[in-house]
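In what follows, chains carry the letters A, B, and so on, assigned in the order in which the sequence lines appear, proteins first and then strands, with residues in each chain numbered from 1.
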Amino acid sequence: MEQLLGYVVVGLATGSTYAVIGLGIALVYQVSGIINFAQGDFVMLGGLTYAVAAESGAHPVAAAAIALTVTAGCGAALHLFVLSPARDAGHDRLIVLTIGASILIQGLALLVFGADQHFAGSFGGEHQFQAFGISISAQYLWCAAVAAAAATAVWALLTRSQSGRAMRALAADRETARLMGIAPLRTGLIALVIAAVLAAIGGIVLAPIQPPDATAGVPLGLKGFTAAVLGGLTSPLGAIAGGLLVGVVEAVVTGLVSSGYRDAVVYGLLVAVLLVRPGGLLVAAVRERV
Amino acid sequence: MARLRPFAGYLVLAAGLLLVPAVFTRVPFYTMSTAVLMVLLAIGALGLVPLTGLARQVSIGQAAFYGIGGYTSALLSTRAGLDPWWGLLAGAALAAAVAWSLGTVIFRAQGHYLSLATLAFGLALAAVVNELPATGRNAGLSGLPPLHVFGVSLTGDLPIYWLGAGLLLIGTVAVHLLVRSQLGSALTAAGDSPVAAAAAGIDIAALRRTAFVVSAVLASVAGSGYAHWFRYVDPSMLGLLNSVQLLIIITVGGRESVWGAPLGAFTVVTLTEVVRGRLPGSGAEAELTAYGIVLVLSLLVLPRGLAGLPAALRRRAGAR
Amino acid sequence: MTHARLELNDLTVRFGGVTAIDGVSLRHDSGGVVGLLGANGAGKTTFVNVLSGIVRPAHGRARLDGYELTTLPAHRIARAGLARTFQNLRLFGSLTALEHLLTPYGARRRGRKAALALLADVGLTGTGERYPGELSYGEQRRLELARALALEPRVILLDEPLAGLPGSESDEMLDLFSRLRDSGTTLLLVEHDVPSVLRISDRVLVLDRGRLLADGPPAAVAADPGVRRAYLGDGDD
Ligand SMILES: Nc1ncnc2c1ncn2[C@@H]1O[C@H](COP(=O)(O)OP(=O)(O)O)[C@@H](O)[C@H]1O
Ligand SMILES: [Mg+2]
């Protein structure tokens, strides 16, 4: 029983990183109406770049800066060279385009970094602490703290800055926002870059716990999707709550059942939510129907 | 004239399929096993024409149905000792039932949930198959008997190729009839404007579900064919890359037309062989990169795929 | 032939904090043309959307001949005899004009001949094989109307069908509406062009920020001081 609490703590910490990944998905979906299947690959790219830079001796802060820059650049490139040229395309084509981008990023990461896992040390050295009868790496605290800071920064950006207001306006009513002179493409670019940065942050703090390789993006992206869909895809707070829930479910299943079924349970959770309440478990159901 | 066109298309396809063995055994890097792969993938991709091409619903989980076909065939033929054809039929029926149930719930809601739901469903099923003792865990199941026709068992690439080519031809005719039927125009209408289609009395949820079931059945048949050809199945059949590959095939070939499936399968398998055989240090990385580039480029430059090329050229010539 | 019976009871639609339709109640069973006036953002399109099942009300009811419009899915509402057009055209880009008229529920059964006749009725003879992209704006509007008529509806909701049409085409459309009315179909005509609405309507509704501001014969509504102050007088447009 006490151990269960320990798993919950670990789950909340990993879940906080899924929350920021999911936050990026929800943000892009809100602003541009695009389901970005490349989000998981941004996580991979951020984590892998960080780990490779750290392995080659870069200071962790420098490694993180490199990883954030690379991933943000990749997000901008996705928007400028892939999504913007297809802005008149339907949702279906945009979805397939982000899938294309996803495997392209994966392939390039394999070409550049190889297929091996890369290892980065915990922030500030290896520390373990005992809680609820299990020993927990201090890196989990870093996960929670960094994720909370990132979420707070996004919140401040959305509510305090001009681009944040533009994003919220586009999300609320696209047509009216355009009439007010808000440029959907530019705002969409900003949203996608923010999403990429959030993904990279998730990848970086997770890297010491789950050493990344070039194929790590798909499962991490799926967890972000589960988080975002649990929150209804449209609500930033919902995505955060969803991420925490995914983390807890995952940690408890791993701890109590077996790690083999961990992914199946998380994916199953996503299927179940889509089947039962596609509008999200944590928000009111969608209003428009056909 | 317009009425004769499909028959001309069938003839060209049939002639192409007939010529493949003669050509593929004589030119470098094409082999009969690449030919088998092409027809199987074309059968799997064919189902995406009504679903993705007309109804504009994206499935990223077709490999799940491919796997359902393969594993049903494997289990029924090795464990229950049933004739392989029963496995193929049972797999198709199971895939249809799964797609029907999934579609019933997913399409109740408006939105782009099919892509997410199929992705998650496919990965969940892959994870389960990877863990269950009954499906042989990650070792898979081996020792499948070959398919047989009129008492002749189909071992080796050439006989399987002829069977696959026959199934592809039948599948093409069937999907083509569907596309040109009332159901086809209703699917197109629902893809162009779901709201207007509903306002015209079309039950778009039921329609999308029908297209999804068709796609599941074709993917399952391809999976069964694959299983009895390789005589072995493992969880990699359900891998995400297989789903993505079908999506690439139909996008590159042209998702609005049945000719897109064989054209796309030929192009993508050729590309895979080129990348694998020719590029230095080639492996999954070059393949993935090439897939990504081809997918993005074809969507940006040739949104109707290779099958749409003649019409695009004609339009351009007409505009002059 | 009896006319369609529409009954609305305290119908209310909200979008977040905005109440787009605010407690509208009315009854209509005498056929003819019902004009719906209102400034931009008054809730006219939302009114059409909620009746056709695209949007769900927060509360209240709407019925057509005993069918509950507020709970039926959109395609069932269409099959129950309610058709509509869209303010921003929504044609099927990959279907020909003739296919547009064969796609609605029941149209295939009535056959190609009926579809061709319908095409002629709206003045689109000879355009059957063309795609929407190859039609003029006015032709597209008429095609959308024809698609709605292919359902053989008892009620048809027209969301600003005259917007953007030159005078001559606009008059042809109004002619078409009169013929439809005479055949027993009930028309709800959402329009900005006040004189046209007052001329053709048998009954006029005025929406103001979601509320039913006025309801009556055209002459009475035109003379209503509240309406003149809130809408007709302030030179909207
Ligand atoms: N889907 C929607 N989401 C949010 N607000 C909406 C939506 N549709 C309409 N509205 C709002 O409802 C009000 C009425 O709009 P509408 O019915 O389009 O008016 P009209 O057709 O009379 O110009 C407006 O304030 C509009 O912004
Ligand atoms: Mg309007």
Side-chain angles (χ1 to χ4, degrees), chain A residues 29 33-35 37 81-82 85-86 89-97 99-112 114-115 214-215 218-219 221-222 225-226 229 233 258 260-279 285-286 288-290, chain B residues 52 55-58 60 101-102 105-106 108-128 130-131 137 191-192 194-195 197-199 204-205 240-241 244 247-248 251 255 281 283-300 303:
Chain A
Y29 184 69
I34 295 171
I35 300 187
F37 282 96
F81 302 124
V82 177
H91 285 278
D92 49 322
R93 264 176 67 198
L94 289 170
I95 286 176
V96 181
L97 271 174
I99 294 170
S102 158
I103 56 176
L104 183 55
I105 297 171
Q106 237 183 83
L108 290 174
L110 276 166
L111 284 174
V112 175
T215 59
V218 172
L222 247 294
F225 278 120
T226 313
V229 170
L233 262 181
S258 102
Y261 282 103
R262 185 185 65 191
D263 286 348
V265 167
V266 175
Y267 304 151
L269 184 66
L270 178 52
V271 178
V273 176
L274 286 169
L275 294 186
V276 180
R277 276 293 288 280
V286 280
E288 197 161 313
R289 73 195 163 109
V290 164
Chain B
T52 308
R56 313 258 173 100
Q57 297 289 305
V58 177
I60 326 176
S101 324
L102 211 56
V105 210
I106 281 297
R108 267 195 328 214
Q110 270 293 298
H112 313 286
Y113 298 116
L114 184 71
S115 56
L116 277 172
T118 48
L119 175 62
F121 172 71
L123 292 174
L125 195 64
V128 168
N130 201 39
E131 292 295 321
R137 297 232 167 91
D192 283 347
V195 171
I204 51 180
L240 182 57
L241 198 57
V244 172
L247 211 51
I248 297 174
T251 305
R255 55 191 195 157
E285 57 270 32
E287 206 177 319
L288 274 178
T289 312
Y291 279 178
I293 291 174
V294 165
L295 186 53
V296 169
L297 276 186
S298 79
L299 275 166
L300 292 181

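Side-chain atoms of B:Thr289 and A:Leu104, non-hydrogen and from C-beta on, do get closer than 4.5 Å to each other.
The greatest number of non-hydrogen atom pairs below 4.5 Å with chain A, out of B:Leu241, B:Leu295, B:Leu116, B:Val58, is found for B:Leu116. Here B:Leu299 is the residue among B:Ile60, B:Thr251, B:Ile293, B:Leu299 with the most heavy-atom pairs under 4.5 Å with chain A. Annotation: maximal heavy-atom pairing with chain B below 4.5 Å, among A:Val96, A:Val82, A:Ile95, A:Leu108, occurs at A:Val96.
Residue contact with chain B, scored on non-hydrogen atoms closer than 4.5 Å, is absent for A:Val265. Looking at A:Phe37, the atoms closer than 4.5 Å to chain B (heavy atoms on both sides) all sit in the side chain, from C-beta outward. Contacts of B:Ser115 with chain A are made by both backbone and side-chain atoms, with heavy-atom separations under 4.5 Å. With a 4.5 angstrom heavy-atom cutoff, A:Ile35 touches chain B only via side-chain atoms. For B:Ile248, the part lying under 4.5 angstrom from a heavy atom of chain A is the side chain only. Contacts of B:Leu102 with chain A are made by both backbone and side-chain atoms, with heavy-atom separations under 4.5 Å. Looking at A:Leu97, both its backbone and its side chain come within 4.5 Å of chain B, counting heavy atoms on both sides.
The heavy-atom pair separating A:Ala86 from B:Leu300 by the smallest distance is CB-CD2, 3.7 Å. Of all the heavy atoms in B:Val128 and A:Ala264, the pair that sits closest is CG2-CB, 4.1 Å. The two residues A:Ala89 and A:Leu94 come nearest to each other via the heavy atoms O-CD1, 4.0 Å. The two residues B:Thr52 and A:Asp92 come nearest to each other via the heavy atoms O-OD2, 4.3 Å.
A search for side chain to side chain contact (heavy atoms under 4.5 Å, CB included) contacts involving B:Asn130 returns B:Asn138, B:Pro235, not counting sequence neighbours.
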Atom pairs and distances, donor-acceptor, side-chain atoms in residues 266-273 of chain A, under 3.5 Å, two or more places apart:
none

